[in-house]
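Throughout, protein chains are lettered first and strands after them, A, B, ... in sequence-line order, and every chain is numbered starting at 1.
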Number of protein chains: 2
Amino acid sequence: MMGRGRGAWWQDRFADRGARITAPREVVLEILQETDDHVTAADVYVKAHERNPSIGLTTVYRTLDMLTQMGIVQKFDFGDGKARYELVNNPGGKKHHHHLVCLRCKAIVDYTEFLDDELEFIGKTQQRLSKKYDFDITDHAISFYGVCARCR
Amino acid sequence: MMGRGRGAWWQDRFADRGARITAPREVVLEILQETDDHVTAADVYVKAHERNPSIGLTTVYRTLDMLTQMGIVQKFDFGDGKARYELVNNPGGKKHHHHLVCLRCKAIVDYTEFLDDELEFIGKTQQRLSKKYDFDITDHAISFYGVCARCR
DNA sequence: CATTTAATGATAATGGTTTTCATTTTTAAT
DNA sequence: ATTAAAAATGAAAACCATTATCATTAAATG
């Protein structure tokens, strides 16, 4: 139903990198796929620990970091002292979106509108940057900052 | 030469907010204007302390935070555990730019190219978002993520 | 099965950032 | 000016998310 064999879509990416598919890593991926929020490492840890009490916080951090480096997860910092994580491509989950951040109360609005123009612009820019700086670009993030109605 | 009276461009913004123009704040602004880097709070503190040893680290943090909320400074987190700050509009300083981040070594490339297309896209999107979500948008950030040549 | 390598988890340590609180400075009022 | 009220400051302590350490366990390899 997805990918080759009976593995999930991300398993091939692990293989390419020589990373082992372990129980804790599977649990973390599961959890990320089930949520639509920007979760913190602690959030993931709590849920992971419920399913498998042997999973430690350290491993959650390490796994999230690995996934970030692989481009499977995107790491954000909205300014409240905790990093947030979310799947880059969540099949059947939340779709591509960007963020609108209130500089006062740190509220986050996820917007999915107006992405048609973006597609063209990002595509072209990514290609140019990629070539000029010899980067293997896998992702991007756009954030707008301002003050929300309630804080004004 | 700039703004009204003999004040710097940011003084009016302070007045509007009822924020006082104090010596430590002036020093922090000076320092930010003199650099083209993404400085950490500690960086600013060291320089500020040189000019006026009575300035404390706490005040530097508080000032940077205030400036961020006012939209005068942009705060970044590139994933190395320290927040970075830079002036949004630095007259005579570094020009508008965005970032290309290596997910492995966390190297940052500031790019200033290809901003013509951006101008149009960002302008339109900002206006739409502003209206739809009732946000007073003052700034934006675009980041591309990938793996640099050396890490590949 | 044996061996090597990777991954894990409990704990301790780290360190950037924030809180606390007494003091000082600035502004507004008298 | 003098005084009273409010804002800003700084030293030190507290916080807390994240990372390093290291002994143990699990997985891949031949």
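Note on S54(B): only backbone sugar-phosphate atoms sit closer than 4.0 angstrom, heavy atoms only; bases stay farther off. In this structure, A42(A) reaches neither bases nor backbone, as no heavy-atom distance under 4.0 Å exists between it and the strands shown. At a threshold of 4.0 angstrom between heavy atoms, the contacts of T58(A) include nucleobase atoms, whether or not backbone atoms are also involved.
Position along DNA chain C of the nearest nucleotide to G18(A) versus I21(B) favours G18(A) as the more 5'-ward residue. Heavy-atom nearest nucleotides on DNA chain D were determined for G81(A) and for M66(B), and the one closer to the 5' end corresponds to M66(B). Between A23(B) and A83(B), it is A83(B) whose nearest contact on DNA chain C lies nearer the 5' terminus.
Atom-to-atom, CZ of R84(B) to C1' of dG16(C) comes out at 12 Å; the value is rounded to the nearest Å. Atom C1' of nucleotide dT18(C) and atom OH of Y45(B) are separated by 16 Å, given to the nearest angstrom. Atom pair R62(A):CZ and dA10(C):P shows a separation of 11 Å (rounding to whole Å applied). Taking atom CG of D65(A) as the reference point, atom C1' of dT19(D) lies 10 Å away to the nearest angstrom. Following rounding to the nearest Å, E26(A) (CD) and dA7(C) (C1') show an atom-to-atom distance of 14 Å. Residue D43(A) contributes atom CG, which lies 11 Å from atom P of dT18(D) at whole-angstrom precision. The nearest whole Å value for the distance from the CG atom in L57(A) to the P atom in dT18(D) is 9 Å. If you measure from atom CG of N52(B) to atom P of dT24(C), you get 16 Å, rounded to the nearest angstrom.
With D37(A) contributing its side chain and V39(A) its backbone, the two residues share no donor-acceptor pair below 3.5 Å.
Considering only the side chain of P24(B), dG10(D) comes nearest among dG9(C), dG10(D), dA7(C).
R25(B) has a side-chain polar atom (N or O) that falls below the 4.0 Å cut-off from OP1 or OP2 of dA8(D). OP1 and OP2 of dT19(D) both lie 4.0 Å or more from every side-chain N or O belonging to Y61(A). Contact between the side-chain N/O atoms of T22(A) and the OP1/OP2 oxygens of dA7(C) is not found at any separation under 4.0 Å.
Ring geometry for F114(A) against Y111(A) counts as tilted: the plane angle lies between 30° and 60°, on a 0 to 90° scale.
Residues H38(A) and R84(A) approach most closely at O-CD, 3.4 Å, considering heavy atoms.
Residue E113(A) places its CD atom among more than 12 non-hydrogen atoms of other residues, nucleotides or ligands, all under 6.0 Å distant. Atom CG of N89(B) has 12 or fewer heavy atoms from other residues, nucleotides or ligands within 6.0 Å.
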